[in-house]
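First the structure, in the form of structure tokens, and then the observations on it.
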Amino acid sequence: MSDAYDVQEVEARWQRRWEDEGTYRVDLDDPRPASYVLCMYPYPSGRAHQGHVRNYTFGDVLVRYRTMKGEAVLSPFGFDSFGLPAENAAIKGGAHPREYTEARIAELKRSVQRLGAVYDWRRELRSHDPDYIKWNQVIFQALLGEGLAYRAEAPVNWCPGCQTVLANEQVLPDGTCERSGDVVERRNLEQWFFRITRYAEELLDALDALDWPERVKTMQRNWIGRSGGAQFKMAVCEQPELSVEVFTTRPDTGFGMTYAVLAPEHPLVELVTTGDQEGEVRELLERAKRSSDIERLSSEGALDKRGAFTGSHVVNPFTGEPVPLYVADYVLGSYGTGAIMAVPAEDQRDYDFAKAYGLPVVRTVEPPADFAGDGAYSGDGPHVNSGFLDGLDNEQAKAKAIEFLEEGGVGHRMVNYRLRDWLISRQRYWGCPIPVVHCPIDGIVPVPESELPVLLPEDVEFRPTGESPLKSHEGFLHATCPICGGPAVRETDTMDTFVDSSWYFMRFADPREEERPLNLTAVRKYMPVDRYIGGITHAILHLLYARFYTRALGDVGIGPKEIREPFAQLFCQGMIRLGGRAMSKSRGNVVSPNEYFERVGADALRLFHLFAGPPVEDIDWSDQTDEIVEGCSRYLGRVWRLAVGEVTSTAGAPDAGGPDALRREIHSTTARVSADIERYGFNTAVAALMELTNSIYRHVHASTDAAAVDEAVRTLLELLAPFAPHLAAEAYERRYGGHVHVQAWPVADPAYLVADRVTMVVQVNGKVRDRIEVPAAIGEDEATALALASDKVVELLGGAAPRRVVARPPKLVNVVA
RNA sequence: GCCCGGAUGGCGGAAUGGUAGACGCGGCGGCCUCAAAAGCCGCUGUCCGAAAGGGCGUGCGGGUUCGACUCCCGCUCCGGGCACCA
């Protein structure tokens with residue numbers, strides 16, 4: 001047997017062996033404690049890129065580590081295989097989306113397997129498989145039955161590039177499509193929605209208890225956007241039978257309302273606009289309709305063209321005085337009541353508008369003395385010009401103002417959320433069909449479960465018209481109404497692919513369950529996911545939808561009702577940048593892992609990703625990267641020679657400290673590596689392994705006794721196993737026999753973690769001046785005495801008595817001169 | 001504008017309030033070799049110094065402390081999120 005390490009042969013052989021022996025398969029009757037480690041399932045983009053490598057390496061370290069710790073780790077893999085790129089490729093003259101997608105799945109799967117990441121492949125899922133489509137549709141019907149799915153006409157985000165509607169979440173803040181970059185238009189269309197808003201409060205409140213990155217939780221909080229305040233009605237002076245209802249977070253400032261505003265979309269606009277104002281109002285409505293969201297949301301541009309007086313007035317319930325009613329595009333039809341009370345003195349937007357239209361500004365909160373005086377003051381302070389609220393602070397005044405509105409029967413406390421219902425219909429082919437038919441007699445009728453799945457027809461033609469090919473496929477369109485048996489038209493919308501990814505992690509618990517979407521026993525065994533790993537890019541969309549779906553499925557009886565949160569712990573790994581930009585296929589700046597697999601092997605590339613920096617931080621793929629990869633490869637060679645090759649003692653080698661010192665290092669390294677893995681400190685874990693390796697070399701050179709070295713190498717290989725699984729396995733088998741990945745994870749013995757003698761630092765005025773070898777158990781008095789006796793200290797004190805001595809034995813003594 | 005992160009050698013990065021720069025990359029030197037590669041060993045923050053040794057040093061300015069990369073206050077720059085949401 002050659003001592004040379006044949007990377008390609010060894011890696012291929014162990015990968016086959018893990019698969020053949022089912023090392024990482026788990027089953028329901030597994031007696032070991034169950035746990036669940038999951039990487040976000042990928043959109044199959046073909047060959048893996050470095051981002052995948054990083055993601056799956058991190059996940060794989062945890063799977064292997066926890067397996068060695070004695071857990072039955074559920075580690076499944078699947079593909080988020082519906083989605084626009086496949087369809088766009090077909091339109092451009094490529095293959096059918098199915099062929100295109102499946103070819104790419106095969107490619108990605110090969111890369112993932114080549115990496116040596118281990119999965120229970122029996123559980124592989126693909127969103128576009130008929131089986132998954134069926135359960136997706138069954139879930140949809142259940143949500144429909146419970147009113148959690150509904151159809152409504154709504155102003156929607158239409159992307160002209162993608163020729164489909166987008167969820168609010170898919171529109172970037174600048175009003176462009178997150179995928180194509182086109183400017184998103186507003187259109188009124190009948191669409192399917194999921195009632196995620198029903199869970200707004202729960203989704204918000206439950207965030208606190210999650211072990212997730214704080215910034216992800218913050219993003220979700222912002223997205224849900226809870227604001228508390230009051231809602232109340234104001235009668236229209238000119239037409240007392242009409243009233244305008246407004247929402248405000250600042251009912252305490254009601255006395256300062258000097259005008260009110262309707263959104264251009266508000267249904268009352270037409271009714272309250274007087275004849276002489278009609279021209280102006282009409283012009284504004286036209287403008288608002290024409291304007292893209294970008295223009296409308298921009299604070300640029302002349303304000304005086306963005307509002308108009310309706311000619312009517314409403315009565316301010318606090319003062320009893322009439323105030324003018326305006327219509328303005330800075331008020332959104334889709335939030336709150338679509339109308340506001342305007343308080344220029346305490347709201348900057350209202351202030352700017354009031355200035356442009358010459359409306360009065362009345363302060364109701366006394367600003368602090370140092371307040372610049374220009375513009376609105378939205379902070380806290382004593383109320384003024386506010387009748388019964390005078391003198392109160394904001395909180396007190398709010399409570400009292402709401403009380404006042406309630407007593408008057410015109411209003412009440414109110415909470416509003418920024419979160420809107422989730423628009424799930426897409427006018428595209430390559431997605432899960434929405435399983436309903438439209439019957440001229442019975443309306444919208446769900447397809448009965450016995451007829452599911454509704455599958456996509458294969459024989460379709462993709463044309464660059466932008467219209468879904470389903471709309472012109474006679475065979476697909478033609479259906480029978482399940483109620484009346486008459487002719488009906490099949491729904492041609494498909495589901496947002498985020499629907500697919502909102503429950504796959506639960507299906508993984510038993511992906512072959514044939515009776516229901518979820519096997520509850522299996523779901524209960526593994527859920528929630530203990531470690532969920534993926535990119536920060538999904539901080540809002542996927543993670544919020546998955547949280548919603550987990551709850552909704554529980555509540556409609558498909559999932560376990562008690563499991564509310566899908567991901568107990570979330571880890572977001574940093575991005576990989578190249579040339580200052582995120583590495584991504586769409587930017588065309590990907591570095592393929594394949595050349596690294598060929599040159600240095602999977603272990604070295606894995607080690608690079610683990611070692612390059614903290615997993616949470618972004619890393620730059622730079623000129624230095626290849627050199628570091630080489631370094632990782634070199635390190636593995638060093639381990640290999642130590643374990644399998646010939647490393648011998650060296651004449652004149654310095655004393656390495658003997659077997660006791662080596663044993664202490666074995667245990668301290670074990671402790672460090674274990675703790676580092678738990679906190680995703682993979683870079684420092686690898687550093688610790690390198691230190692131990694260097695140390696073992698020193699001990700070998702210095703002829704430390706073979707038993708201690710043998711023990712050290714064994715532990716090194718065991719600790720290295722999650723990081724460089726192939727080399728560790730091969731070296732371990734050759735040297736010790738047996739399979740390292742089924743060994744028990746080493747445990748640090750605390751007895752070895754304390755040394756007999758340690759180096760004590762002696763400082764004078766906080767500066768290190770000397771180091772003394774002392775017994776670890778040294779007391780304060782003795783440490784002080786030793787420090788004061790130090791030549792350096794004597795010299796620096798120059799005969800004077802120290803003013804103070806701070807002793808922290810056995811680590812440090814600080815002498816204050 | 002608001003809310004989060006971050007800033008440490010030539011580079012990637014380590015450091016429960018207690019030896020700043022672990023580990024690695026790069027560089028320099030030595031051993032091995034006919035030679036090279038590989039490997040093994042050592043040095044490598046900066047300034048002064050032949051050396052011993054000493055000064056300075058974690059974005060900037062203050063503060064707390066015997067002692068601050070670490071905690072507090074005030075800035076600068078970089079990255080990210082949110083932003084007419086009433």
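What you see is a predicted model, and the numbers here were worked out from it, not measured in a lab. Here is the naming used below: chain letters follow the sequence lines, and residue numbers restart at 1 for every chain.
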Ionic contact status for A/Glu691 with A/Arg672, cut-off 4.0 Å:
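A/Glu691 and A/Arg672: salt-bridged.
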Per the atom types in the model, does the base of B/rG18 pair as donor or acceptor with the side chain of A/Arg808 at under 3.5 Å?
yes
With hydrogens left out and only the distance checked, is there a donor-acceptor pair under 3.5 Å joining A/Asn222's side chain and the base of B/rC82?
no
Students often get this wrong, so: under 4.0 angstrom with heavy atoms, is [X] touching a base, only sugar-phosphate, or nothing?
| X | value |
| --- | --- |
| A/Asn683 | sugar-phosphate |
| A/Gly631 | sugar-phosphate |
| A/Gln624 | base |
| A/Ser334 | nothing |
| A/Asn694 | sugar-phosphate |
| A/Gln763 | base |
| A/Tyr635 | nothing |
| A/Arg771 | base |
| A/Lys792 | sugar-phosphate |
| A/Val768 | sugar-phosphate |
| A/Arg672 | nothing |

If you find the nucleotide of RNA chain B closest to A/Asp347 and the one closest to A/Gly766, which residue's nucleotide is nearer the 5' end?
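So the residue in question is A/Gly766.
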Between A/Leu812 and A/Glu617, which residue's closest nucleotide on RNA chain B lies nearer the 5′ terminus?
A/Glu617
Please give the distance between the [atom1] atoms of [N] and [M] as a whole number of Å.
| N | M | atom1 | answer |
| --- | --- | --- | --- |
| B/rU8 | B/rA15 | P | 15 Å |
| B/rG49 | B/rG39 | C1' | 37 Å |
| B/rG6 | B/rC75 | C1' | 16 Å |
| B/rG5 | B/rC43 | C1' | 37 Å |

Check whether any side-chain heavy atom of A/Arg769 sits under 4.5 Å from a side-chain heavy atom of A/Lys767, and report yes or no.
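They are in side-chain contact.
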Parallel, tilted or perpendicular: rings of A/His701 and A/Tyr697 (30°, 60°)
tilted
Fit a plane to each ring of A/Phe318 and A/Phe255, take the angle between them on a 0 to 90° scale, and name the class: parallel (under 30°), tilted (30 to 60°) or perpendicular (over 60°).
tilted
A/Phe353 and A/Tyr259: aromatic ring centres closer than 6.0 Å?
yes
Starting the side chain at C-beta, find the nucleotide from B/rC3, B/rG18, B/rA86 nearest to A/Asn814.
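Selected nucleotide (nearest to the side chain): B/rG18.
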Tell me: NZ of A/Lys767 to P of B/rU19, nearest whole Å?
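These atoms are roughly 16 Å apart.
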